[in-house]
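Written out below as structure tokens is the structure these notes cover.
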Amino acid sequence: MRQPLLFLVVGGVQYLLDAALYAALVSAGVATLPANIGSRASAAGAGFLLNRYLTFGQRNETLERFRRSLLRFLLLFAVMTLLSSLALLGLEVAWGAETTRRILAKLLVEAVLAVVS
């Protein structure tokens with residue numbers, strides 16, 4: 001029961017970190033695509049490390065196993081970031097580029113993708 005709970009907590013931390021970084025970046029005038037990639041990369045990196053060492057306790061693994069795990073993570077990150085970016089850009093066209101709307105779009109898109117992933 002501990003692992004699923006920790007996994008959900010780490011996911012929540014990732015979601016909040018991603019949203020906060022994105023909000024800060026778009027509020028500072030950064031365009032949607034670089035803001036999304038930067039915020040997702042930062043949050044995903046933190047989530048990868050927290051899940052790896054806290055949730056799943058991967059400390060004494062082989063280099064090959066770590067490489068495979070990292071490759072799976074990077075592939076999932078790339079696909080999810082592409083989906084996230086396309087959705088955000090689409091919502092920006094539909095809803096407008098006002099900062100608050102962009103942030104609301106981010107919250108919605110990432111919540112949907114969190115369930116999907």
Side-chain angles (χ1 to χ4, degrees):
M1 187 64 176
R2 182 178 180 268
Q3 272 187 342
L5 181 59
L6 282 173
F7 187 75
L8 289 174
V9 168
V10 169
V13 167
Q14 266 185 267
Y15 178 82
L16 294 174
L17 179 59
D18 183 14
L21 289 172
Y22 182 83
L25 289 168
V26 297
S27 295
V30 177
T32 296
L33 191 58
N36 189 48
I37 293 169
S39 68
R40 285 191 112 262
S42 298
F48 177 78
L49 294 174
L50 287 171
N51 275 322
R52 175 165 212 75
Y53 297 109
L54 180 66
T55 305
F56 300 113
Q58 298 293 324
R59 289 181 176 79
N60 298 321
E61 66 184 343
T62 65
L63 183 58
E64 183 57 34
R65 187 170 177 189
F66 175 77
R67 285 184 194 165
R68 283 194 313 266
S69 177
L70 182 60
L71 179 60
R72 280 192 313 271
F73 164 78
L74 291 173
L75 288 172
L76 180 62
F77 170 78
V79 169
M80 297 306 274
T81 299
L82 176 63
L83 293 173
S84 173
S85 296
L86 290 172
L88 288 174
L89 292 171
L91 287 174
E92 188 174 314
V93 169
W95 292 357
E98 193 258 324
T99 300
T100 303
R101 290 179 183 186
R102 290 168 63 199
I103 294 168
L104 289 173
K106 174 71 170 178
L107 294 171
L108 173 66
V109 167
E110 296 305 331
V112 169
L113 290 178
V115 172
V116 170
S117 73

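Hydrogens, waters and symmetry mates are skipped; everything else that's a heavy atom, side chains included, is used.
- The existence of a salt bridge linking E92 and R101 is excluded, since no basic side-chain nitrogen approaches an acidic carboxylate oxygen closer than 4.0 Å.
- Put simply, V116 and L91 are part of the same group of oily side chains (I, L, V, M, F, W, Y) that touch within less than 4.5 Å, one to the next.
- Going from atom CG of L8 over to atom OG1 of T55 covers 9.5 Å, rounded to the nearest 0.5 Å.
- Atom OG1 of T99 is separated from atom CD1 of I103 by 6.0 Å, given to the nearest 0.5 angstrom.
- Here the closest heavy-atom approach between residue A35 and residue V26 is recorded as CB-CG1, 3.8 Å.
- Residue pairs meeting the salt bridge (Lys or Arg N to Asp or Glu O under 4.0 Å) criterion with at least one member in residues 71-84: none, sequence neighbours excluded.
- Within the 4.5 Å cutoff, the side chain of S39 has no heavy atoms near those of the L17 side chain.
- Rounding to the nearest 0.5 angstrom, the gap separating the CG atom in L74 from the CZ atom in R67 is 13.5 Å.
- When hydrophobic clusters are built by joining Ile, Leu, Val, Met, Phe, Trp and Tyr residues whose side-chain heavy atoms come closer than 4.5 Å, directly or via intermediates, V112 is grouped together with W95.
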Determine whether T62 and E64 satisfy the following criterion, side-chain hydrogen bond (donor to acceptor under 3.5 Å, both in side chains), listing intermediate values before the conclusion. CA-CA 5 Å; T62 65; E64 183 57 34; over 6 Å; no
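- Partners of L83 by side-chain contact (heavy atoms from CB on, under 4.5 Å), not counting sequence neighbours, listed by chain and number: V79, M80, L113.
- For the side-chain contact (heavy atoms from CB on, under 4.5 Å) test, residues two or more places apart in sequence or in another chain that qualify with F73 are A44, F48, L70.
- Without hydrogens or angle criteria, Y15 side chain to L107 main chain gives a donor-acceptor distance under 3.5 Å.
- Taken from CD1 in I37 to CG in L25, the straight-line distance is 11.5 Å, to the nearest 0.5 Å.
- A heavy-atom distance below 4.5 Å is not found between the side chains of E110 and Q14.
- Partners of L88 according to the side-chain contact (heavy atoms from CB on, under 4.5 Å) rule, which considers only residues two or more places apart in sequence or in another chain, are Y22, T32, N36, S84, A105, K106, V109.
- When hydrophobic side chains of Ile, Leu, Val, Met, Phe, Trp and Tyr are connected at separations under 4.5 Å, L54 ends up clustered with L6.
- Taking the side chain to side chain donor-acceptor pair (under 3.5 Å) definition, one finds that S69 meets it with R52, sequence neighbours left out.
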